[in-house]
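Note that this is a predicted model, so its numbers are computed, not measured. Lettering follows sequence order; numbering is per chain, from 1.
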Amino acid sequence: MPETVFHTEKLVKTYRTGGAEVHALSGVDLDLYASELTVLLGPSGSGKSTLLNILGGLDHATSGKVMFRDLDLTVQSDRALTRFRRDHVGFVFQFYNLVPSLTARENVQMVTDIAPNPMRAEEALERVGMSDRIDHFPAELSGGQQQRVAIARAIAKRPEVLLCDEPTGALDSSTGVQVLEAIREINEDLGTTAIVITHNAAIQAMAHRVVRFQDGNIASVATNDTRIAPSEIVW
Amino acid sequence: MHALDKKLLRDFRRLWGQSLAIALVLACGVMILLTAFGMYRALDDTLAAFYERNEFADVWAMTEKAPRPLLTEISALPGVQTAEARVQEYLMLDLPGRVKSATGLALSLPDTGALPTLNVPLLRAGRLPDPQASDEVMVNEPFAEANGFEIGDTFEALMSGQKRRLTITGTALSPEFVYAIGPGTLMPDDESFGILWMPQAMLASAFDMSGAFNSVTLSLSRGAQEDQVIEALDTLLEPYGGTGAHGRDEQASNAFIATEIKQLKNMATILPPVFFGISAFLVNMVIGRIIALERAEIGLLKALGYTDLHIAAHYVLLAGLTAVLGVVIGWVTGGLSARWMAGEYAQYFKFPYLIFNVSYDAYAISGFLALLTAAVGALRSAMGAAALPPAVAMSPPAPPRFKRSLFDRALAALRLSQPSMMIWRSLFRWPLRAAFSAIGLSLAVAIMISVGFFSYSMSSIADIAFNQSNREDIVLLFTKERSLSALEDIRTLPGVMEVEGELFTPVTLRNGPLEKQLSITTRGAGATLARSIDEAGRVVEVDGPGLLITTRVAEVLRLAPGDSVEVEFMSGRRETYSLTVAGVTEQFFGLGAFMTREAMSHLTRSVPQISVANVTLDPTEDDAFNRAIKDTPLISGAVRVTDMKASFDATVEENISIMNGLFSVVAILITVGLTYNSARIQLSERARELASLRILGFSNWEVSYILIGEIMLIAALAQPLGWLIGYGLGHLMAASFASDLYTIPMVLPPAAYATASVVVLGTALASVLLVRQRIDRLDLVSVMKTRE
Ligand SMILES: Nc1ncnc2c1ncn2[C@@H]1O[C@H](COP(=O)(O)OP(=O)(O)OP(=O)(O)O)[C@@H](O)[C@H]1O
Ligand SMILES: [Mg+2]
C-alpha cells in the first residue's frame, strides 16, 4: 500500500458573496498517494481550483479535515501554512506568473533563496530543457517556455508535492506536450507527488489516477492500468 | 544577491522618474531642516561662545553723568557680580578720502591700560591705545576693513567741538557689536559707523566726565533676578539722569541676532513637516499603485512561501530606496547651503569666528525623518499587500465598481463628451486621492504666496518709510538738546533748503501692567519732512495734548485711540503724566510715539528743544554740505536717508530674490512630484481604457485630453484653496517676524496670487505633458494582451 500524502474528510468550502452562498466544495473525501500523478477533471466551477488551493495551503477550508501526512492543515496558522508551502509544495499556474523584472534564472532563485534543500537554479532549468534561455526575461520567452520556467521554479525546492492548475491552459498542443513531459519527468525521476488540473480530457491518459469533479464533489475516481507518454497525447 | 533584492533594484530603476520626483520633495525637507537647523546651531553656538569668552554683560544703563564712587554702590547691589562704568559718546568723524561724514561710538577703556572686564573687545590686530595717550584709538575690525584702514592710519574726530586726529593702534571685535547698527539707521553700514575704544582719561577730559561715567554695564550672579537688579539700578541712577536700564533682550545687537535665531528655528520647525507630509502622501500613492499592479506577483510570493514580513519589507524597502535618494540629495544640498548661508551671515554678523559644528545630529534627525516619512507612506499599502490572502491574490482584481449616483445623473444632464465624463467619473471614484493631490498642490501655491508677499510688503515699507514718513535727505544728530535757534545755524550750511527740528525724549509708557521703553518724537505742528502716516496712507496730525502711537505700540500695550496712557519721562525732571492716545500711526521700524512741540513744552513747562534736524538738500551742493558739517561742533552725526533707502532697497532686493527663487523651486518640486506621479499612475491605471479609445478611433490628443484634463482639473481646483492657505500662511509668517525692532505688513495684491498660480499650473501642465508622450508610444497590441 503506497503512503498517503494528502487525506481529506468531508472537506467543505463555502464562499459568501453578497447574500448568496456558493458551495465550492461540499464534503470531499479524497486520498492522494506518494509519487502518484493525479489528474483532476471537471466542468468549470466544479471546485477543482478550490481544492488545489486548500491542499497547497493557499486557502482555508470552511469545515472538514485536510491532512498532509501527519500535519492537520485545517488547524494551522497562516504562518505555519507559509512554512508548509515553503518546505513542501511547488505550484504551477495557468498564467505562469513569472516576475517580469527577473530573468528565468532569477525567477527560479526566488525559490532557492528561501527553500531548505533546493537544487541549483541551473539544474532545475535544465530539467525542463531551458538551459539555453537561462538569462532571458519573461517578455523574451514564449508562453510554453515561460511555463517551463514556472515548472523549474516549482521543482527547484525538491517539493514533495507539485500542484498544477491548468498548466497547459494557455498553450497550444505541442508546447503543452513539452510542459507535460516536464511534469511527468519530475514525477518519475524525483518521485514527486503531482496533481494536475485540466480541462483537457486527453491529458488524463498520462495519469496514474483520474479524479472527476462535479458540483463541488468527486463524481468518480479511476485508475489507469496503462499510461501513455505525453508525446503520444493529441488534442 | 537574492532574487527578491534584484527585483527591488530593477523596480526602483524602472520607477526612477517617479522616485526622483518624490526624492526631490523629500530632499527639500531634509535640506531646509539641515540648513535652518545648522545655521541656528551655528549662530547659537558661536554667539554663546563669544558671549561667554568675552564676558557679554547682562544689564546696560545710561545716565547723563554719574560720579565714579556710585559704582561701588552699584557693585554692592544684590545679584550683581561685576559692574563696570565707562564713558560713551557719539562722535562725528572725518575720514580721509571720504566726503561724507561718519559716526563713531566712543567707548572708554580702563585707566589701568587693561581690557574692560565686561564686553571684552577681542583684539584682532595691533594693540590697545596707551592709557596716557590723547590721540590713540582702537577701532572695530569691520570699520577698519570697510574703510581700508591699516594700523597706524589716522582719521579725525570732532570731540566737544574740537577736531582731533586719532591714530589707529589696533582693531577688535566686540560681543556688544556683532550686529553694529549706527544711531538712527536701519541697517549696519560699516563704512560710516565705527566703534572707537579710547583711553578713559582722554574721553573724560574731552567730554567733561572726569571722575564720572555715563554708561554702566553689569554681569549678574547665578540665580539673580534681572528685573529686580534693573529696578534697583534705576533707583540708584535716577538722580544722575538715568534713562532706564535694560537687559540683553533690548541690547540692539543681541536683539537682532535673537530675532534671526528665532526665525531660523521657526523655519526649521514649520517648513520641513510640509515636505515630509507631501512626500508621505506621494510614497503612499505610488507604492499603493505598484502593489495594485503586482497583486499577482504578491500572491505568487506568498504561494512560494515568502512570509508576510518579507513581502511588507520588500515594498517598504522600495520606498526606502527613494528615501535614501532623497536623503542623499538633501544632505549634499543642505550641507552646501548651510555653508553658503554661514557665509551670508558672516556679512551681517561680525563674529571673530564661526563655530560651524557639522551637527551630525541634524543629519541623523533629517535622515531618520525622511526614512520614517517613506516608511509611514509605504506601510499601509505594504501591510495591505502582506495581508492579501494568497489565493485571492492569484485571481485578477475585480474591476472597480462604478455606481450610478445622483452625481452621474447630474453629469448626464450636462451632456458632457465621453472623455469629459471619464475625467469626472475618475475624480469621484478616488475622491480621497484627488483631494490629497489638490491639497498638496494648494500647499505649493501657498508656499509661493507666503514668501512672495515679502517683496510687496517691503516696497510698501520702503514707500511709507522713505517717501511718505521721512522725506528729508539727511538727519543731523545734535550732540545734546538744543533750542530752536540751532535750526538757524543749520539753515546757514551750504545747500540746505528746508530744515525742521525734532526732539527725542526717552520715556516709559505704561498701561496697567504692560510697559515699554521708547522715545517720544516731538515735532513742530505742520512739519512736512518727517510725518506720521496712518494705515490708510493719510498724514496724521495731532493738535492738542494727545499722544500718537505706532501700531506695534498700540498692540503690545493694548491701547486704542481715546485710552489714557501713563508716560514716565526718563530724563529731565522725570515726571509722570497721563496722556490720551490721540491716534495710531503706521511705522514698521522700532517703536514710536509722537507729540507736537507745543504740547510737549506745555506739558514739561519748558522751552521747546530739539535733538535732531531734518534737512533737504540742493543736490548740487552735496559735497560742500558734507564738508561743512564735519566742522560743525553741534553735530555728532548725520544719517543719510537717501543712502539708507538705497541700501535698504539693495539688501531687500537681494534677499527677496534669493528667497523667491528658492521657494519657487520648492513649489515647482512639489508640483512636479505630485503631478508627474499622478499622471504616471493615471496612465498605468488607464492604459487599457486609453488604448481601447485609440482602437475605437480617437486621436492621440483626444485621448491625451483625458489624462491632461483630470490632472489640470485637480490643479485648477487646488488654486483657491492655495490662495486661502497662502493668505493664512503669509499672516503667520508676518506675525512670526514681528518684533519691537520691526514689523512686516501683509501686502498681497492680486499679482502675488497670480504669480503663484501661473507657476504651479504651468509646472503641472509641463509635468503632464511629459507623461503624455507615453500615450504616443502606447503599444496598442501589447496593452490589450496583458492580463490587467
Ligand atoms: N473568491 C471567490 N469568491 C466567491 N466565489 C468563488 C471564489 N472563488 C471561487 N468561487 C466559486 O467557487 C466555485 C468553484 O470555483 P473553482 O475556482 O474552484 O472552480 P474550477 O473548478 O477551478 O473552475 P474552472 O475550471 O473554471 O477554473 C465557483 O462557483 C466559483 O464561482
Ligand atoms: Mg480553476
Could you tell me the separation between the CG atom of B:Leu301 and the CE atom of A:Met110, rounded to the nearest 0.5 Å? 4.5 Å
Rounded to the nearest 0.5 Å, the NZ atom of B:Lys6 sits from the CG atom of A:Asn107 at a distance of 11.0 Å
More than 12 non-hydrogen atoms from neighbouring residues, nucleotides or ligands closer than 6.0 Å to CZ on A:Phe68, yes or no? yes
Taking every heavy-atom pair that is under 4.5 Å apart, which of A:Gln109, A:Glu106, A:His60 has the most such pairs with chain B? A:Glu106
Evaluate whether atom CD of A:Glu126 has more than 12 neighbouring non-hydrogen atoms of other residues, nucleotides or ligands under 6.0 angstrom away. no
Under a 4.5 Å cut-off applied to non-hydrogen side-chain atoms, are A:Leu102 and B:Arg10 in contact? yes
Quick check for you: to the nearest 0.5 Å, what is the distance between A:Arg85 atom CZ and B:Lys302 atom NZ? 7.0 Å
CG on B:Leu300 to CG on A:Leu98, rounded to 0.5 Å: 8.0 Å
Can you confirm whether B:Leu304 sits close enough to A:Arg153 that some side-chain heavy atom of one is under 4.5 Å from a side-chain heavy atom of the other? yes
Looking only at A:Ile114, A:Asp59, A:Thr82, the option with the highest number of non-hydrogen pairs under 4.5 Å against chain B is A:Ile114
Flag yes if more than 12 heavy atoms outside A:Arg69 fall under 6.0 Å of its CZ atom; otherwise flag no. yes
Check whether more than 12 heavy atoms from other residues, nucleotides or ligands sit under 6.0 Å from atom CG of A:Asp215, and answer yes or no. no
Atom CG of B:Leu309: over 12 foreign heavy atoms under 6.0 Å: no
Would you find more than 12 non-hydrogen atoms of other residues, nucleotides or ligands less than 6.0 Å from A:Arg105 atom CZ? yes
